[in-house]
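Chain identifiers are assigned alphabetically (A, B, ...) following the order of the sequence lines, protein sequences preceding nucleic acid strands; residue numbering begins at 1 within each chain.
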Protein chains: 2
Amino acid sequence: MAEITAAPGRRARLRARTLDDLGLATRHLLVEEGVHAVTISAVAATVGMSAPALYRYVDNRDGLLKLASAAVARDLAATLLDARRRVPDDPLVQTLTLCRTFRSWALDHRREFGLLFADASVPSELRAGGQGEPAAEALAWAFEEIVLRLWAASRFRVPADEDLATPLRESLEPYRERLTASARAARLDLGEIPLGATYTLLHYWTRVYGLISMEISGHLDHALADAGPLFEALLTELEVQVTGP
Amino acid sequence: MAEITAAPGRRARLRARTLDDLGLATRHLLVEEGVHAVTISAVAATVGMSAPALYRYVDNRDGLLKLASAAVARDLAATLLDARRRVPDDPLVQTLTLCRTFRSWALDHRREFGLLFADASVPSELRAGGQGEPAAEALAWAFEEIVLRLWAASRFRVPADEDLATPLRESLEPYRERLTASARAARLDLGEIPLGATYTLLHYWTRVYGLISMEISGHLDHALADAGPLFEALLTELEVQVTGP
DNA sequence: CTAACACTGCTTACGGCGTTCACGAACTGT
DNA sequence: ACAGTTCGTGAACGCCGTAAGCAGTGTTAG
């Protein structure tokens, strides 16, 4: 039920509008009052329908969250793309911009951030991208893509293969393949990506993402009033890694 | 209501037993079926009472989670203390042990981990320690304490004050004071803790905690089948930092 | 020892929520 | 104009959290 593929037409457009409205209303409730306030009846009331009517559009309550989630993911993607477009076509600048933009977005959209990345309530079911790609993966790829570009452009220093412990090398191998595939799909020609580069990528991604998510979830509150400077220190480290000491 | 301070006696002991049972039942449901399965009636059924009877022991559904949360926090604390006790009295060894133990515990107790640290559903209300200290803070302090001890013992290299950007220095200052106070409370005499040491502390704590929480919430799945080697690489880095290159 | 009290658990009851269903209204293509 | 699809409604069910009143049973003061 729900999700009927309709031929394009006036009716289909109306349906799409309603779906948008539902996503919007859901998101509004989510932002203003939290996930617990996202209830079928509340959303229905917001868009001016009766509760059961929503079932023409979504399968259940989680469907609403999925809807909002997709909208939020689009919003985040647009924000990141936009920030990147406003900035010189330099991979380093773009990398730093991406990180900073992601952090500000997260700080300005804490509950949406929770919905997309954190919430354990509906785990791994909420998909954002078209092909069923979780938002977190799409975001990771945005980071990976620009850092790979950065690496391709500057060939910054990365650990040599033999400096990586054997189990680490083995666990990175599939990751390198996935990166190579993604890069090819994005028409990025990088030749052979060294394992050290994938390690460095993961290193910074885990730190960037980890720091932001800790900040959002309040796990840094006991130490810092503002995690901004710590985040900037991280970016500086990244910059030094790329431009050399 | 609930939480009546009773004089010690047979009845009080019975009450304590029931509270334990409730925590246990809650935890069982949480682990086996997820947070959503933790419902007043389900817990009541598990312990063989009628649902309203639970209100003699907790204020509401969240009270159950609080109960379980406290039990889980005790369990984690015991696990960590125990692991530390089984290991030589060397700060470096103990630090590494603490980190590894925390990670294994988290992997073995994903839902409990979510309850203690992640869940946005009942945020910042669940307190674990006696004085209303969130579990995350207690855990952070466990890490901080041993690393401070490690620093005191080996005075490993940390960034000089002037190598830290000014805003970072300023944002670390209150943290240093809090650490100094905590250290004093724990009868750890360290003299003046340099800002660089607090930075290094925060650096590794964010990486350790960030990595584990990313692994648990599945945000590394797209890259690694097993984050173990990456985690070990992090610990190696910490070790190198301490013992020197 | 017994009378008053505190504690515990039960039944009953209410309101809110998610969800299903059967019905009618409105729109669509022919 | 008609048959079929789509959309929205009100009624209804079951589950859940929670409140209130009632009835036993341990506890304690006289």
Between [atom2] of [N] and [atom1] of [X], the distance in whole Å:
X	N	atom1	atom2	value
A:I40	C:dT19	CD1	P	6 Å
A:D62	C:dC17	CG	P	17 Å
B:L64	D:dT18	CG	P	9 Å
A:Y55	C:dA22	OH	C1'	17 Å
B:L54	C:dC7	CG	P	18 Å
B:H36	C:dC17	NE2	C1'	16 Å
B:R15	C:dC7	CZ	P	8 Å
A:R13	D:dT6	CZ	P	17 Å

Give the nucleotide from the list [options] with an atom nearest to the side chain of [X].
X	options	result
B:P52	C:dG18, D:dG17, C:dT12	C:dT12
A:R61	C:dG9, D:dT9, C:dG18	C:dG18
B:R56	C:dC10, D:dC7, D:dG10	C:dC10

Mind telling me whether B:F117 and B:F113 have parallel, tilted or perpendicular rings, with 30° and 60° as the class edges?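 Correct class here is tilted.
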
Taking only side-chain N and O atoms of [X], does any of them lie within less than 4.0 angstrom of OP1 or OP2 on [N]?
X	N	value
B:T18	C:dT8	no
B:S50	C:dT11	no
A:Y57	D:dG8	yes

If the condition is salt bridge (charged side-chain N to carboxylate O under 4.0 Å, His left out), which residues does A:D75 pass it with, not counting sequence neighbours?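 For A:D75, the residues satisfying salt bridge (charged side-chain N to carboxylate O under 4.0 Å, His left out) (neighbours in sequence not counted) are A:R27.
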
Do A:R11 and D:dT6 have a side chain to base donor-acceptor pair shorter than 3.5 Å?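 Looking at the base of D:dT6, it does pair with a donor or acceptor on the side chain of A:R11 (distance under 3.5 Å).
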
Electrostatic pair [X]-[Y], nearest N-O below 4.0 angstrom:
X	Y	result
B:K66	B:D62	no
A:D82	A:R85	yes
A:R103	A:E232	no

Of all of residues 41-49 of chain A, which get a heavy atom below 4.0 angstrom from DNA chain D, listed by number?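 Of all residues in residues 41-49 of chain A, the ones placing a heavy atom under 4.0 Å from DNA chain D are A:M49.
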
Would you check if there is a donor-acceptor pair between the side chains of A:E144 and A:Y175 at a distance under 3.5 Å?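 The criterion, which ignores hydrogens and geometry beyond distance, is satisfied for A:E144 and A:Y175.
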
Applying ring-ring contact (aromatic ring centres under 6.0 Å, His included), name anything that partners B:F143, two or more places apart in sequence or on another chain.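 Partners of B:F143 under the ring-ring contact (aromatic ring centres under 6.0 Å, His included) test: B:W205.
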
